[in-house]
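Below: one structure, written as structure tokens.
Residue numbers start from 1 in every chain, and the chains themselves are labelled A, B, ... in the order their sequence lines are given, proteins ahead of strands.
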Amino acid sequence: MSAPVLSLYNTLSKSLESFSPLDPAGRKVTFYSCGPTVYDYAHIGNFRSFLNADILRRTLELLGYEVRHVMNITDVGHMTDDGNADGGGEDRMAVAGRRLAEAKKSGKLPADVAIDPNDPYAIAEFYAQAFLEDSKTLGLKVAFDRERDPGLMPRPTRYIREMILLVERLIARNHAYVGRDGVVYFDVRSFPQYGKLSGNTLDNLKEGAGERISAENQANKRNAADFMLWKPDATHIMRWPSPWGEGYPGWHLECSAMAAGLLGEEIDLHSGGEDNIFPHHECEIAQSCGASGHTHFARHWFHTRHLMVEGDKMSKSKGNFYTARDMFAKGVTPAALRLELVRTHYRSNSNFTMQGLADCQRQIDRWSRAYEALKAAAAGKSPDRAAAAGPFESALPTFIDSLCDDLNLARAMAAMNEALGRDGSAACPVREATALERMNGVLGVFERNAVMAGDDDGLEGKVKALLERRTAARASKNWAESDKVRDELAALGVAIKDGPQGTTWSRVVK
RNA sequence: GGCCGGAUACCCAAGUGGCCUAAGGGAACGGAUUGCAAAUCCGUGAUUCGCGGGUUCAAAUCCCGCUCCGGCCUCCA
């Protein structure tokens with residue numbers, strides 16, 4: 001029997017391809033993911049993209065690959081207004097500083113957070129730490145890898161030297177030039193492949209661009225689509241010396257420089273949100289291939305479609321804009337959030353709903369109960385090789401095949417549920433538990449199925465007192481009093497369960 | 001206008017030419033259980049796959065046209 005092969009959609013070829021790594025031994029995989037910009041907390045849409053990359057990485061590991069996964073944390077402030085494509089407007093890091101200063105003043109941010117709102121590095125560091133926390137909570141493996149090897153989540157501000165070298169190389173190879181305004185631009189006409197990833201070929205761009213490119217700016221460039229590599233600007237909030245004057249790098253440059261430095265000039269996989277396809281990834285390809293002379297930068301491009309919230313586009317004005325920590329504060333378990341964000345196929349828009357979150361929670365609880373029962377039955381036992389394969393072990397090949405079909409997680413989950421419904425009493429519990437663990441190795445839900453600690457409102461004490469009252473009432477069969485207490489608990493947003501071991505409670509997520 | 005992804009029951013979602021009078025989960029409903037609930041367990045659910053044509057012995061699946069939703073076309077995961 002041959003090993004399962006991962007069939008994965010490649011944005012570059014717009015078709016499903018059988019994945020095979022560059023590694024001649026077919027074992028090691030190089031994977032670069034575009035990570036967050038850290039001038040705010042990451043929202044659930046950001047995490048859908050990062051979590052899908054994590055599912056891909058975990059699937060590759062399930063198939064036996066050894067994945068070197070890099071995810072950047074962009075700490076170079078990009079511009080708020082890029083209308084002229086060349087660094088106009090205000091630096092986002094400066095905007096974030098003002099917002100932080102206001103949050104501190106209004107008490108939204110704990111007073112003990114010592115952070116200078118005028119120091120862009122401090123702002124970036126603050127949000128980068130928040131991101132790493134959220135990432136570990138949601139089970140992004142790369143965030144754990146980083147604890148052993150910090151380089152796996154690199155910061156562009158520490159790669160300025162490499163970026164400058166890259167620009168010099170592009171100039172030397174006639175792919176870049178210094179414009180009349182002193183800005184270094186990539187010459188898109190020097191790179192015929194430009195537009196292959198996004199479909200935005202130079203001809204298509206010409207038809208669509210129109211009013212968005214100012215004539216004034218055009219005078220400085222050879223072609224409308226030429227993009228900035230280095231901008232001299234001695235007044236900018238974050239700036240570094242360079243052969244073209246003190247200034248800052250173009251915003252596509254960092255990924256090309258860091259991917260090459262950490263993974264090589266040609267890599268296996270590159271991921272991001274669908275909005276990254278153009279211009280970001282298109283420009284990365286031009287820069288990387290222009291500098292290296294290779295035909296490919298990443299051989300395989302993986303893009304996750306956007307997340308909707310309750311049927312609407314997520315936006316701050318609609319009030320449906322959530323960060324991961326907003327959800328944890330509501331009492332949502334990291335496991336449920338993780339599953340809700342990845343269970344819809346990555347190439348479809350996903351609609352995030354509170355109902356969906358509740359569905360996921362029930363689903364995870366059911367799997368967890370089965371797993372706990374198997375672990376209890378397996379305790380102290382060794383695998384029974386003679387026993388017939390049980391439901392979960394039998395479902396494992398289907399689970400793997402489903403993931404190999406362009407990460408068909410829904411079908412993989414159905415295989416688990418079918419196994420759950422079958423009688424496994426004759427199976428070896430050790431082997432069954434192991435099979436479930438392998439499935440969870442991709443899903444990553446069992447180990448994070450608990451609400452985040454936090455009792456700021458003193459709810460625990462109140463609930464405890466009410467439960468004691470109710471238990472006493474029930475002991476004397478005073479049902480009216482018992483039900484009254486239950487209503488009071490419900491008003492506090494607490495649901496209770498009477499079990500053989502007494503009454504348990506949980507916060508109702510709404 | 002150019003390029004791309006999608007449309008399956010109340011909701012999420014599988015299915016890629018015959019095994020489909022369409023998987024799995026949730027909700028709902030009925031039953032068991034419970035002081036009553038909740039949770040749990042058992043059962044019920046689309047003769048139909050956005051719309052209109054076509055190909056075929058056979059279509060949710062292939063082809064053509066249309067409608068709608070979403071994304072990108074130099075802020076964005």
Roughly how many Å apart are B:A39 and B:U33, using the C1' atom of each and rounding to a whole number? 11 Å
Atom CZ of A:R474 and atom C1' of B:A38: how far apart are they, to the nearest Å? 11 Å
Does the structure show a Watson-Crick or G-U wobble partner for B:A9, both distances under 3.5 Å? Name it, or say none. none
Could you give the NZ-to-P distance, from A:K14 to B:C72, as a whole number of Å? 16 Å
Is the base of B:G35 touched by the side chain of A:S482 through a donor-acceptor pair closer than 3.5 angstrom? yes
A:F227 CZ to B:C75 P, straight-line distance once rounded to whole Å: 14 Å
When only distance counts, do a donor and an acceptor, one from the side chain of A:D483 and one from the base of B:G35, lie under 3.5 Å apart? yes
Taking the six-membered ring of A:Y346, is the NZ or CZ of A:R305 close enough (under 6.0 Å from the centre) and on axis enough (within 45°)? no
Closest of B:C72, B:G24, B:A77 to the A:A414 side chain is B:G24
Across every strand shown, the nucleotide meeting Watson-Crick or G-U wobble geometry with B:C3 (both distances under 3.5 Å) is B:G71
Between A:L420 (CG) and B:G26 (C1'), how many Å, whole number? 15 Å
Note: for A:D275 and A:R470 on RNA chain B, the residue whose nearest nucleotide lies more 5' is A:R470
Quiz question: going by heavy-atom distance under 3.5 Å, is there a donor-acceptor pair between the base of B:A37 and the side chain of A:R486? yes
